[in-house]
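Worksheet: one structure, shown below.
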Amino acid sequence: MSEAAPLFRGSIDLHTHSSASDGTETPYNVVRSASEAGLGTLAITDHDSTAGWPTASEAARDYELTLIPGMELSTRLDHVSVHLLSYLFDPTNAALLAETETIRDARLTRARQIVERIGVDYDLTWADVVAQTRPGATVGRPHIADALVAKGFTPTRSDAFQGILHWRAGYFQPHYAPTPLRGVELVVAAGGVPVLAHPGTGSRERVMPERRLAELVDAGLFGLEIEHRQNTVEGKERLHELAAKFGLAITGSSDYHGEGKPNRLGENTTSPAVLERLIDRASGWAPVYGAVTRSL
Ligand code: AMP
Ligand code: FE
Ligand code: FE
Ligand code: ZN
């Protein structure tokens, strides 16, 4: 009996950022980098924005990759920031569009406030941050970090996060975000497939309580991003228990931010079987099959 041809060639990385949010490469170049890294399938998941989808799609055709258009939606549970990876939803869905616009506005106000606070102690202005941000990009602490680096106050983006931008330094401020439950509901209503991003970055006890996770599962949560460098060994253990209990898919990805973070493309990957289920579940948007398009 002959084996069925694999649906997806090469490895699968379902979490990357471009300059449409806080990555350092344009959406087109993230796909090009993925091609150079030998990946076969890539999801582009900018924070609270789908602005990168058109040019990333163009690049997927040019470089013959499969692209899964996505987003990393900011949500918040009590005082904890919870990131929700969202795939193949309808980017014109009015409710989701309105919510992401609200979040991006809140991020902008919050970034200005953080910069104002830092400005008391350092010679840093809002213009310095604007200089580090692509027009229309979702603004975050990484852009403030880049401005601090450009001004010589800190050597790297990562150092800024360990120092001036850490909440302990006293300049930090959170921004508005909907609850994870609201996030899952919005993504599902837009035909998308939601996966909790890096949900195990601390001890077992820091993983989302079971009853809260159960609510998300009931609302249509598809999976947990367990293979991610920020998840701890104990966190992953707990997540595997929860995935088994709730029948959740397990994904792995890099959370690539270009030169902004040490994470390398393809350092963690997702299985073709999980990707196939994810695509079957989606009804809002289709993957871009760059390789297939070319060979037709
Ligand atoms: P914010 O969402 O504005 O609070 O900023 C946090 C975001 O910064 C997270 O999504 C991180 O992925 C991102 N980030 C980008 N580069 C880095 C870095 N070098 N160290 C830590 N976080 C980073
Ligand atoms: Fe980020
Ligand atoms: Fe994240
Ligand atoms: Zn991310």
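Numbering of ligands and ligand atoms starts at 1, following listing order. Start at 1 with the first residue, then count along the sequence. Being a predicted model, the structure only gives us computed values, none of them experimental.
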Ion pair check, Arg229 and Asp255, cut-off under 4.0 Å: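 Salt bridge: no.
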Answer yes when Arg264 and Glu259 have at least one side-chain N-carboxylate O distance shorter than 4.0 Å, and no when they do not.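 Looking at Arg264 and Glu259, the cut-off is met.
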With 2.8 Å as the limit, jot down which protein N, O or S atoms are around the Zn ion (ligand 4).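 Protein N, O or S atoms closer than 2.8 Å to the Zn ion (ligand 4): His15 NE2, His17 NE2, Glu72 OE1, Asp255 OD1.
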contact_flag Arg107 ligand 1 heavy-atom lt 4.0 Å: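 Judged by the 4.0 Å heavy-atom criterion, Arg107 does count as contacting ligand 1.
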Touching ligand 1 at all, His47? Heavy atoms, strictly under 4.0 Å?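 Checking ligand 1 against His47, which is what was asked, there is a heavy-atom contact under 4.0 Å.
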[X] versus ligand 1: do any nitrogen or oxygen atoms come within less than 3.5 Å of each other?
X: Arg110; result: yes
X: Gly260; result: yes
X: His257; result: yes
X: Lys261; result: yes

Using 0.5 Å steps for rounding, measure from the CZ atom of Arg104 to the OH atom of Tyr176.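 So the gap between those two atoms works out to 13.5 Å.
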With a cut-off of 2.8 Å, does His257 place any N/O/S atom under that distance from the Fe ion (ligand 2)?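 Yes, within the cut-off.
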More than 12 foreign heavy atoms under 6.0 Å from CH2 of Trp285: is that the case here?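 Not more than 12 within 6.0 Å, no.
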Is Lys245 atom NZ crowded by more than 12 heavy atoms from other residues, nucleotides or ligands, each under 6.0 Å away?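 Counting neighbours around NZ of Lys245, 12 or fewer heavy atoms of other residues, nucleotides or ligands fall under 6.0 Å, so no.
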Below 4.5 Å, heavy atoms only, C-beta onward: do Val184 and Thr75 meet side chain to side chain?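 Side chain of Val184 against side chain of Thr75, heavy atoms only: no contact under 4.5 Å found.
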His83 and Glu225, any side-chain heavy atoms less than 4.5 Å apart: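 In short, these two side chains do not touch, never coming nearer than 4.5 Å.
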Could you check [atom] against the protein and tell me its nearest heavy-atom contact, residue, atom and distance included?
atom: atom 20 (N) of ligand 1; result: Phe161 CD1, 3.5 Å
atom: atom 6 (C) of ligand 1; result: Arg141 NH2, 3.7 Å
atom: atom 13 (C) of ligand 1; result: Asp22 OD2, 3.5 Å
atom: atom 14 (N) of ligand 1; result: Pro142 CG, 3.7 Å

To check you understand the geometry: which heavy-atom pair defines the closest contact between Thr16 and Ala43, and what is its length?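 Closest heavy-atom pair between Thr16 and Ala43: OG1-O, 2.8 Å.
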Do Thr154 and Asp159 have a side chain donor and acceptor closer than 3.5 Å?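 Looking only at side-chain atoms, Asp159 and Thr154 do not form any donor-acceptor pair under 3.5 Å.
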Can you confirm whether the side chains of Asn263 and His257 place a donor and an acceptor under 3.5 Å from each other?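 Not at all, the side chains of Asn263 and His257 share no donor-acceptor pair under 3.5 Å.
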Begin from the C-alpha positions of His175 and Gln113 and carry the test side-chain hydrogen bond (donor to acceptor under 3.5 Å, both in side chains) through to its verdict. CA-CA 10 Å; His175 60 79; Gln113 285 165 342; over 6 Å; no
What atoms of ligand 1 come closer than 4.0 angstrom to any heavy atom of Gly140?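 Heavy-atom distances to Gly140 below 4.0 Å select 3 (O).
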As an exercise, identify every atom of ligand 1 less than 4.0 angstrom from a heavy atom of His83.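 Heavy-atom distances to His83 below 4.0 Å select 10 (O).
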Please report, to 10°, the angle around the Fe ion (ligand 2) from atom OD2 (Asp22) across to atom NE2 (His47).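 Between OD2 of Asp22 and NE2 of His47, the angle at the Fe ion (ligand 2) is about 90°.
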Single hit among Glu72, Glu227, His15 for side chain to side chain donor-acceptor pair (under 3.5 Å) with His198: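 Filter result, single survivor: Glu72.
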Between Ser35 (side chain) and Val31 (backbone), is there a donor-acceptor pair under 3.5 Å?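 Side chain of Ser35 to backbone of Val31: no pair is present.
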Proximity of His175 to ligand 1 by residue part, where a heavy atom lies under 4.0 Å: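 Answer for His175: neither.
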